[in-house]
**Student:** 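Mind looking over this structure? Questions follow.
Quick caveat, the model's predicted, so the values are computed rather than measured. The first residue of the sequence shown is numbered 1, and numbering continues consecutively from there. Ligands are counted one by one from 1 in listed order, and the atoms in each one are counted from 1 as well.
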Amino acid sequence: MEPARYHNTVDGRTCESATGRWLQSVNPFTGEAWAEVPHCDAADAEQAIETAHAAFTRGPWATMSATNRGKLLRRLGDLIARDADKLAEIEVRDNGKLLAEMGAQLRYIPEWFHYYGGLADKIEGAVLPSDKPNVFTYTKREPLGVIVAITPWNSPLLLLAWKLAPALAAGNTVVVKPSEFTSCSTLALMELFAEAGFPAGVVNSVTGYGAEIGAALVEHPLVSKVAFTGGDATGAAVYATAAKNIKHVTLELGGKSPNIVFADANIDNAVKGAISGIFAASGQTCIAGSRLLVQRSVYDEVAGKVVDFARTARLGDPMAATTQVGPITTLPQRTKVLQYIDVAKAEGADCLLGGGTPTAPELTRGWFVEPTIFGGVSNAMRIAREEVFGPVLSIIPFEDDDEAATIANDTIYGLAAGIWTSDIRRAHVMADRIQAGTVWVNTYRAVSFMAPFGGYKRSGIGRESGQDAVDEYLQTKCVWINLDEEVPNPFVLR
Ligand code: NDP
């Protein structure tokens, strides 16, 4: 079958790349190319940015009321809900995420557009009190300009919604660059903006290799801000490039999140939390609870139950309703995960489950890795320090609250953490002690359009979702009106 072709949208029109070249997108379950996306280069990036800049500075978007911007965002949310099944299936084919998860995600993503659509005309400045006579001072909250939104392959639509909705609510225009591995669902989403009524040029897309067009987008002088999600090495490169022109950045990077089980916890719930933390989405989430810290008195019980539960996980076709664990999204990523498994074995970690690729014939074409659990891990091992981004769990014992907090914080990252306890005092004290942007108590992997999300330490800068996110796309202007008849002495600070 001929691969499906997805197109970019620039200035309200669908388009190929200037050179007419295409990139293949491979289905990680079959290992076969199923679609093609335009292979853009720096010239395409330039055109998309100039278009977005023109739409920001003149034309209907530049003068549109915030109320009307909000209406467009809400209409877009409705269209995404209408096309939820179609978009979900595209992302499953492109990315290997489960249809069960994507169906639910696509019904939830509209909430971001409804929430920020409602917020658009509630962005307020203030009239300031003044210590000086005869001046009137007020602030305005203004958009930044052209935003470049760079998204990774692990959750293309959700992570794009986290950027687009607040950026547009604030009045910016956007150029989107999805990952070369998983561009198709983003390009299908692009088609909905015109139908929702967005003026041409407000949202544009460019597809291709990060190394070819990523830097061209980030360093372009007409770009005011880069909103990036991805690995921390690329994030650092984006940060350095953006710094050359003093651009704003939001960076949502990796994690090595601790999921901490105390002896007083409901153990069966904690086991489910451990499973959801590391095997959902085959562990390819920035919030993966990849370090399971277990109090020593319940270590054997918890480790045994987690292994038993994970052993029952059904690997298979992500389109099938019964599948629980899908393939790894990209071939290089599968190689990387398998290399980390070898490193863990070489460092002396005890492989309690998995540790390779499945041998069932229906799974050999796809890029699967078995759910893998290492016991007796020390926090000094590489498997406990570096982001694997796959279905690989390290179980680390601890004695008491102090040791749990010390191990949990002994990482360069600080994205998320889980705490499993029945003691309300312990829950609050540990939540205070953990250095992470999100702390879940007796649950894991919960996100909401209403709740700010982002990293401490090397996990990132800035917040997505909630009211905090809209601030990331605004700048404050302070206006001074002199009410004096005369201008005072010009040689002294007023
Ligand atoms: P990257 O960080 O390289 O990719 C993220 C995005 O950045 C992609 O759209 C990528 O494009 C783009 N990009 C790549 N190079 C540049 C550049 N020089 N300038 C601007 N943008 C660029 O992630 P990878 O896909 O390479 O994954 C590497 C590791 O990062 C993974 O193994 C995983 O550990 C981690 N990761 C973490 C994520 C998270 O949510 N925290 C998400 C994804 C990965 P393209 O894909 O086309 O190269």
**Student:** Please say which of Leu72, Leu168, Val174 ends up in a side chain to side chain contact (heavy atoms under 4.5 Å, CB included) with Phe193.
**Tutor:** Leu168

**Student:** For residues His39 and Tyr209, establish whether the separation of their ring centroids is below 6.0 Å.
**Tutor:**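 Under 6.0 Å, so yes.
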
**Student:** Looking only at protein heavy atoms, which one is nearest to atom 39 (C) of ligand 1, and how far off is it?
**Tutor:** Cys286 CB, 3.5 Å

**Student:** So which of Gln284, Lys336, Glu212 gets nearest to atom 31 (C) of ligand 1, if we judge by its closest heavy atom?
**Tutor:** Lys336

**Student:** Could you tell me whether Phe389 and Trp153 have their ring centroids closer than 6.0 angstrom?
**Tutor:** yes

**Student:** Can you tell which part of Leu253 has a heavy atom less than 4.0 Å from ligand 1: side chain, backbone, both or neither?
**Tutor:** backbone

**Student:** Output the list of atoms in ligand 1 that are nearer than 4.0 Å to some heavy atom of Gly208, sorted by atom number.
**Tutor:** 47 (O)

**Student:** Ring of Tyr473, cation from Lys225 - is the NZ or CZ under 6.0 Å from the centre and inside 45° of the axis?
**Tutor:**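 That pair qualifies as a cation-pi contact.
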
**Student:** So which of Leu159, Val148, Ile150 gets nearest to atom 21 (N) of ligand 1, if we judge by its closest heavy atom?
**Tutor:**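 Checking each option, the heavy atom nearest atom 21 (N) of ligand 1 is found in Ile150.
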
**Student:** Could you list which atoms of ligand 1 come closer than 4.0 Å to a heavy atom of Ala215?
**Tutor:** 19 (N)

**Student:** Please examine the side chains of Glu472 and Glu464, heavy atoms only from C-beta on, and report whether any two atoms are closer than 4.5 Å.
**Tutor:** no

**Student:** Counting only heavy atoms, tell me which of Pro152, Gly210, Gly254 gets closest to atom 13 (N) of ligand 1.
**Tutor:** Gly210

**Student:** Considering only the protein, which heavy-atom contact is closest to atom 1 (P) of ligand 1, and what is its distance?
**Tutor:** Thr234 OG1, 3.4 Å

**Student:** Could you walk me through whether Phe368 and Thr357 pass the side-chain contact (heavy atoms from CB on, under 4.5 Å) check?
**Tutor:** CA-CA 6 Å; Phe368 285 91; Thr357 55; 5.8 Å; no

**Student:** Check this for me: does any side-chain nitrogen of one of Arg5 and Glu36 sit under 4.0 Å from a carboxylate oxygen of the other?
**Tutor:** yes

**Student:** Under 4.0 Å from a heavy atom of Trp153: which atoms of ligand 1 are those, numbered in the order shown and with their elements?
**Tutor:** 24 (P), 25 (O), 27 (O)

**Student:** Could you list the atoms of ligand 1 found under 4.0 angstrom from a heavy atom of Gly230?
**Tutor:** 2 (O), 5 (C), 36 (N), 37 (C), 38 (C), 39 (C), 41 (N), 42 (C)

**Student:** What residue and heavy atom of the protein are closest to atom 38 (C) of ligand 1, and at what distance?
**Tutor:** Phe389 CZ, 3.3 Å

**Student:** Between Glu386 and Tyr340, does the side-chain hydrogen bond (donor to acceptor under 3.5 Å, both in side chains) criterion hold? Intermediate values first, please.
**Tutor:** CA-CA 9 Å; Glu386 298 174 23; Tyr340 268 113; 2.5 Å; yes

**Student:** Can you find a protein heavy atom closer to atom 28 (C) of ligand 1 than 4.0 Å?
**Tutor:** no

**Student:** What protein heavy atom sits nearest atom 47 (O) of ligand 1, and how far off is it?
**Tutor:**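 Checking every protein heavy atom, the shortest distance to atom 47 (O) of ligand 1 gives Glu180 OE1, 2.7 Å.
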
**Student:** Verify the neighbour count for atom CZ of Arg13: are there more than 12 heavy atoms of other residues, nucleotides or ligands below 6.0 Å?
**Tutor:**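 No - once you tally the heavy atoms of other residues, nucleotides and ligands closer than 6.0 Å, there are 12 at most.
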
**Student:** Closer than 4.0 Å to some heavy atom of Thr151 - which atoms of ligand 1 meet that?
**Tutor:** 6 (C), 8 (C), 9 (O)

**Student:** How close does the nearest protein non-hydrogen atom get to atom 11 (O) of ligand 1, and which residue and atom is it?
**Tutor:** Lys177 NZ, 3.0 Å

**Student:** Report, in ascending order of atom number, the atoms of ligand 1 lying under 4.0 Å from any heavy atom of Thr229.
**Tutor:**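 Here the atoms of ligand 1 in question are 5 (C), 40 (O).
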
**Student:** Side chain or backbone, does Glu252 bring an N or O within less than 3.5 Å of an N or O on ligand 1?
**Tutor:** no

**Student:** Would you mind checking which non-hydrogen protein atom is closest to atom 23 (O) of ligand 1, with the distance to 0.1 Å?
**Tutor:** Gly231 N, 4.0 Å

**Student:** Test the Arg445-Trp440 pair against the cation-pi criterion, namely NZ or CZ under 6.0 angstrom from the six-membered ring centroid and within 45° of the ring axis.
**Tutor:**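 Arg445 over Trp440 ring: no.
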
**Student:** Is Ser179 touching ligand 1 with its side chain, its backbone, both, or neither, if touching means heavy atoms under 4.0 Å apart?
**Tutor:**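 Both backbone and side chain.
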
**Student:** With rounding to the nearest 0.5 angstrom, report the OG to CZ distance, Ser394 to Arg291.
**Tutor:** 9.0 Å

**Student:** For the residue pair Trp420 and Tyr444, is the inter-centroid distance of their aromatic rings smaller than 6.0 Å?
**Tutor:** no

**Student:** Less than 4.0 Å between atom 4 (O) of ligand 1 and some protein heavy atom, yes or no?
**Tutor:**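 Answer no: nothing from the protein, no heavy atom, is under 4.0 Å.
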
**Student:** Closer than 4.0 Å to some heavy atom of Asn154 - which atoms of ligand 1 meet that?
**Tutor:** 40 (O), 42 (C), 43 (C)

**Student:** Show which atoms of ligand 1 fall inside a sub-4.0 Å distance from at least one heavy-atom site of Gly214.
**Tutor:** 19 (N), 20 (C), 21 (N)

**Student:** Could you measure the distance from the OG atom of Ser183 to the NZ atom of Lys177? Nearest 0.5 Å is fine.
**Tutor:** 6.0 Å

**Student:** Are any non-hydrogen protein atoms located under 4.0 Å from atom 7 (O) of ligand 1?
**Tutor:** yes

